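Quick notes on the structure that follows.
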There are 2 protein chains.
Amino acid sequence: MLDAGVRVFSRRGYHGASMDEIADEAGISKPMVYAYLGTKEELFVACLHREGTRMMEAIAGAAAPDLPADERLWRGLRAFFGFVGAHRDGWSVLYRQARAEPLFTGELTVMRARMVEVVAGMLDHALRAEGREVAETELEVVAYALVGATESLADWLADRPEADPEKTATRMMNVAWLGAGQLLQGITWRPPGG
Amino acid sequence: MLDAGVRVFSRRGYHGASMDEIADEAGISKPMVYAYLGTKEELFVACLHREGTRMMEAIAGAAAPDLPADERLWRGLRAFFGFVGAHRDGWSVLYRQARAEPLFTGELTVMRARMVEVVAGMLDHALRAEGREVAETELEVVAYALVGATESLADWLADRPEADPEKTATRMMNVAWLGAGQLLQGITWRPPGG
DNA sequence: GAGCATACCTACTCATGCGTAGGGTTACGC
DNA sequence: GCGTAACCCTACGCATGAGTAGGTATGCTC
């Protein structure tokens with residue numbers, strides 16, 4: 001039933017989806033949907049939650065905390081893109097629909113914050129291993145950028161059924177790691193004339 | 001009048017915005033809106049178009065094509081940040097709305113092509129200067145990642161009034177350039193055991 | 001088999017909001 | 001002063017779709 005919701009929401013968008021169509025897709029009647037999952041808004045949040053949780057679990061399960069940073073990042077990215085590739089509908093619901101609708105931005109902010117926390121923790125861990133340290137804000141910014149870039153590529157992937165998730169993960173890793181790798185070595189770029 | 005549209009659309013979202021409210025915001029009556037700009041859908045496209053064009057011009061104007069690649073990227077990024085920062089309720093919000101709504105995917109494809117053209121063209125130019133060449137898809141992916149990261153940082157910035165835009169742009173440049181810089185040198189990361 | 005609960009459906013109410021019809025107002029020509 | 005034309009308004013028609021009322025079938029208890 002949530003599956004039906006996710007399918008229809010991703011096909012039509014939150015507003016374009018009618019409860020009739022969702023009920024139809026699930027093979028039951030509308031009052032049943034209301035009986036089990038409440039209003040349209042609640043139904044959407046339920047879908048959002050489930051897809052988000054599944055994704056988090058997929059990533060957390062892949063990126064074991066005792067691995068070296070690049071390996072962790074790679075596995076995390078691969079799990080992420082693998083998930084998006086396999087659940088294009090779910091991704092569309094999560095990040096396209098939820099982002100556009102002011103009603104759901106709160107939910108989404110929480111999820112992203114958790115993602116950023118994970119990534120920042122990864123970088124922090126790698127830095128401490130080398131005896132270096134960086135202000136928390138600095139890490140947060142880098143993590144934000146990486147998460148944003150990854151989300152963006154996930155969108156790219158979701159629009160291209162022929163694209164390979166594995167290959168996309170590798171590309172992302174190139175951008176993320178070669179950038180982050182330099183940063184971890186203490187190399188920074190400076191604005192000209194600054 | 002388009003200004004009113006942009007304001008209301010970004011405040012309420014595409015569906016949440018009513019033509020009455022837009023007309024009210026513009027200080028005229030609804031039939032006037034229809035007389036000048038047609039249906040709600042056409043109005044939205046017009047807003048999207050204008051904001052997108054403005055942003056493109058801001059970036060293209062800042063990043064002169066005869067500069068070295070890092071300088072171009074830096075100026076482009078700064079212009080991008082400046083624009084998104086100054087038009088917080090403008091382009092990025094509309095863009096988000098458009099992505100969620102299947103109605104606008106066509107229009108969006110065109111805009112995206114132009115965006116990618118600007119960012120990827122920058123990278124492509126740098127590559128050709130070194131006599132190297134990379135598949136168009138490859139460039140598109142990198143461009144996507146960079147734009148996504150930048151948007152994400154713009155969000156980060158918007159939530160923190162005390163943060164410095166210039167400094168944030170520098171951080172973004174660090175991630176983007178040190179990553180892209182390595183890539184331009186032909187250095188690529190490979191998956192372990194691949 | 002009467003009473004009752006569960007599970008589900010058809011068919012409705014009602015609010016919302018896009019798009020428009022038709023009426024008023026001002027300015028100008030004659 | 002009267003026609004008329006440009007301009008803009010109020011006030012409505014109408015479709016859509018969220019949420020619900022009230023009915024029907026099946027099964028379970030005593």
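Lettering follows sequence order; numbering is per chain, from 1. It should be emphasised that the depicted structure is a prediction, and the values quoted were computed from it without experimental measurement.
Closest to the side chain of Pro31(A), from the set dC8(C), dC18(C), dT10(C), is dT10(C). Checked against dC8(C), dG19(C), dA21(C), the side chain of Thr39(B) finds its nearest nucleotide in dG19(C).
Distance NE2 (His15(A)) to P (dT16(C)): 15 Å, rounded to an integer number of Å. In this structure, Lys40(B) places its NZ atom 8 Å from P of dG17(C), rounding to the nearest Å. Residue Asp20(B) contributes atom CG, which lies 7 Å from atom P of dC18(C) at whole-angstrom precision. Between the CE atom of Met19(B) and the C1' atom of dG17(C) there is a distance of 10 Å, given to the nearest Å. Distance Tyr34(B) OH to dG17(C) P: 12 Å, rounded to the nearest Å. Rounded to whole Å, the distance from CG on Asp24(A) to C1' on dC9(C) is 13 Å. What separates CD of Glu21(B) from P of dG19(C) is a distance of 16 Å, to the nearest Å.
Within 4.0 Å of Ala17(A), counting heavy atoms only, lie sugar-phosphate atoms of the nucleic acid but no base atom. Within the 4.0 angstrom heavy-atom criterion, only backbone atoms of the sugar-phosphate kind lie near Ser18(A); the bases stay farther away.
We find that Asp89(A) and Arg7(A) are not joined by a salt bridge, their nearest charged nitrogen and carboxylate oxygen being 4.0 Å or further apart. Between Asp155(B) and Arg99(A), at least one side-chain nitrogen of the basic residue sits less than 4.0 Å from a carboxylate oxygen of the acidic one, meeting the salt-bridge criterion. Between Asp3(A) and Arg50(A) there is a salt bridge, since at least one side-chain N of the basic residue sits less than 4.0 Å from a carboxylate O of the acidic one.
A donor-acceptor pair is defined here as one N or O able to donate and one able to accept, closer than 3.5 Å; such a pair exists between the side chain of Arg88(A) and the backbone of Leu157(A). Between the side chain of Glu42(A) and the main chain of Thr39(A), a donor-acceptor pair closer than 3.5 Å is present.
Put simply, the residue from Phe83(A), Phe80(A), Phe9(A) that forms a ring-ring contact (aromatic ring centres under 6.0 Å, His included) with Trp91(A) is Phe80(A).
Looking at His15(B) and Glu101(A), their side chains never bring a donor and an acceptor atom within 3.5 Å of each other.
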Distances under 3.5 Å between nitrogen or oxygen atoms of protein and nucleotides 13-15 of chain C:
none

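For DNA chain D, the contact window with chain B, defined by any atom under 4.0 Å from a protein heavy atom, covers dC8(D) to dT10(D) in 5' to 3' order.
Grouping the Ile, Leu, Val, Met, Phe, Trp and Tyr side chains by contacts below 4.5 angstrom, directly or via other members, places Ile59(A) with Trp74(A).
The CE atom of Met1(A) sits 8.5 Å away from atom CE of Met32(A), with the distance rounded to the nearest 0.5 Å.
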